[in-house]
Amino acid sequence: MTTLNARNLSLEDIQGLFGFQEEYSESFTPVLSLEPFTELEQQELVQIRNDFDRYLTAGKVCKGQIKFLVVAPLMRLAGFYRYPMQITLEEDIADINIEDEDTKITGRMDILAVTKAKRITANTSFWILVIESKNSSVAPIEGLPQLLTYAYKSLQYQTSVWGLVTNGQYYQFVYIKQSDVLIYQLMPVLNFMESQRAIDLLQALKAICQL
C-alpha cells in the first residue's frame, strides 16, 4: 500500500482520489445569512487588522504567527470560543484509505471547530469549520488540497462542512458538500486589509459559527 501525506498532494490528486468537483460562487448569501455586528466588534476587528498590518509591513509572517495574531482573535470575536463550540489544534486525521487505489493518506489539521450541541456518533461531534493556514508569502489556494483531504473525513458522517484557507491577508472560504458527487464551492476571496472585506470576513465567520 502507498502512503501519502496530505501536504504533498495537488488539487489534481485530490480530484482524482476523491472525485471532488469544483464550483464557484459570487456571493455568500445563498448559503450564509450575514448579519451586521456591533460598534465594539467593529473596533476589535480594526485592532486585529492594525496589529497584523504591522507584522505584514515588516516582512514575511510565518504560519504560527498568523494563527496567533489573526486567526485566533477572529475566531474568538466570531464566537468560536463559546459553548457549544470546541476547537482542536494540530490534530492528526484518521488515516484515509482509498481501496481502489491501494493508497493511504495521512495528515494533520491546523484548526478544527466542532459543535458539542450536535453528536454524529457517541464519539463524533458535528464538524463546523476546518482551517488550513499558510505563511503570508504563500497563496491561500495552495492549502486547498490539504483542506479538502481533511474535510473529506467529515463527509462520512455529515452532508456538508465549511473550510477556510488563509495566509493572514487573504481568506478563501470553501463550502464542501455531498450531492450526487462531492463538490467544493469556492467563495469570493477576501482581503483582510480592505475594510469592507474584513467586515465580510467576520460576518461569514459569525454566520458559520451559528450554524
Side-chain angles (χ1 to χ4, degrees), residues 1-25 60-72 74-75 80 86-114 124-178 181-190 192 201 204-205 208:
M1 175 175 285
T2 302
T3 300
L4 304 174
N5 192 293
R7 67 172 177 267
N8 298 323
L9 298 176
S10 68
L11 198 51
E12 184 178 39
D13 293 330
I14 296 303
Q15 291 171 345
L17 289 167
F18 301 134
F20 273 114
Q21 294 186 12
E22 184 178 81
E23 291 183 358
Y24 287 89
S25 177
K60 185 176 79 172
V61 187
C62 74
K63 176 176 177 173
Q65 288 174 307
I66 286 166
K67 286 191 285 188
F68 188 80
L69 291 168
V70 196
V71 178
L74 284 173
M75 293 186 75
F80 281 94
Q86 179 171 305
I87 295 171
T88 57
L89 305 175
E90 297 289 341
E91 181 170 293
D92 290 331
I93 62 169
D95 292 344
I96 300 172
N97 293 303
I98 313 296
E99 293 183 5
D100 292 344
E101 303 284 342
D102 196 27
T103 298
K104 180 173 71 175
I105 302 175
T106 62
R108 176 174 289 187
M109 291 178 286
D110 274 358
I111 301 171
L112 170 64
V114 304
T124 306
S125 295
F126 188 86
W127 289 26
I128 297 293
L129 179 64
V130 184
I131 299 178
E132 176 65 26
S133 58
K134 297 294 181 184
N135 69 55
S136 61
S137 65
V138 176
I141 201 71
E142 302 240 349
L144 185 57
Q146 285 174 265
L147 181 77
L148 292 175
T149 302
Y150 306 148
Y152 176 79
K153 290 296 294 184
S154 71
L155 298 180
Q156 298 176 25
Y157 305 103
Q158 56 193 76
T159 58
S160 64
V161 65
W162 278 93
L164 174 62
V165 286
T166 181
N167 64 359
Q169 179 174 357
Y170 295 99
Y171 292 76
Q172 175 85 71
F173 283 96
V174 189
Y175 185 49
I176 305 152
K177 59 185 178 179
Q178 295 187 61
V181 296
L182 293 174
I183 294 171
Y184 61 94
Q185 191 172 0
L186 298 172
M187 299 293 143
V189 177
L190 304 175
F192 185 51
L201 171 59
L205 282 171
I208 291 169

- [ ] Check the pair Asn167 / Val138 against side-chain contact (heavy atoms from CB on, under 4.5 Å), numbers first and verdict last.
- [x] CA-CA 7 Å; Asn167 64 359; Val138 176; 5.5 Å; no
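- When side chains are defined from C-beta on, Gln146 counts as touching Lys134, because their heavy atoms get closer than 4.5 Å.
- In this structure, CD on Glu132 lies 11.5 Å from CD on Glu142, to the nearest 0.5 angstrom.
- Within the 4.5 Å cutoff, no side-chain heavy atoms of Trp127 are placed close to those of Ile176.
- Glu12 CD: 12 or fewer foreign heavy atoms inside a 6.0 Å radius.
- Using a 4.5 Å heavy-atom threshold, the side chains of Ile111 and Met75 count as touching.
- With rounding to the nearest 0.5 Å, the separation of CD in Gln86 from CD1 in Ile128 is 12.5 Å.
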TODO: Begin from the C-alpha positions of Leu74 and Phe192 and carry the test side-chain contact (heavy atoms from CB on, under 4.5 Å) through to its verdict.
DONE: CA-CA 11 Å; Leu74 284 173; Phe192 185 51; 4.2 Å; yes
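- Nearest approach of Met109 to Leu112, heavy atoms of both residues: CE-CD2, 3.8 Å.
- Taking the six-membered ring where tryptophan is involved, the planes of Phe18 and Tyr152 are essentially parallel, since the angle between them stays under 30° and well short of 60°.
- Side-chain contact between Phe173 and Leu190 is present, with heavy atoms from C-beta onward closer than 4.5 Å.
- Atoms CG and OG, from Leu144 and Ser10 in turn, are 11.0 Å apart once rounded to the nearest 0.5 Å.
- Of all heavy-atom pairs between Ala151 and Val161, the closest is CB-CG1, 3.8 Å.
- How far OG1 of Thr166 is from CG of Leu201: 7.5 Å, rounded to the nearest 0.5 Å.
- Residues passing the side chain to side chain donor-acceptor pair (under 3.5 Å) test with Asn8, sequence neighbours excluded: none.
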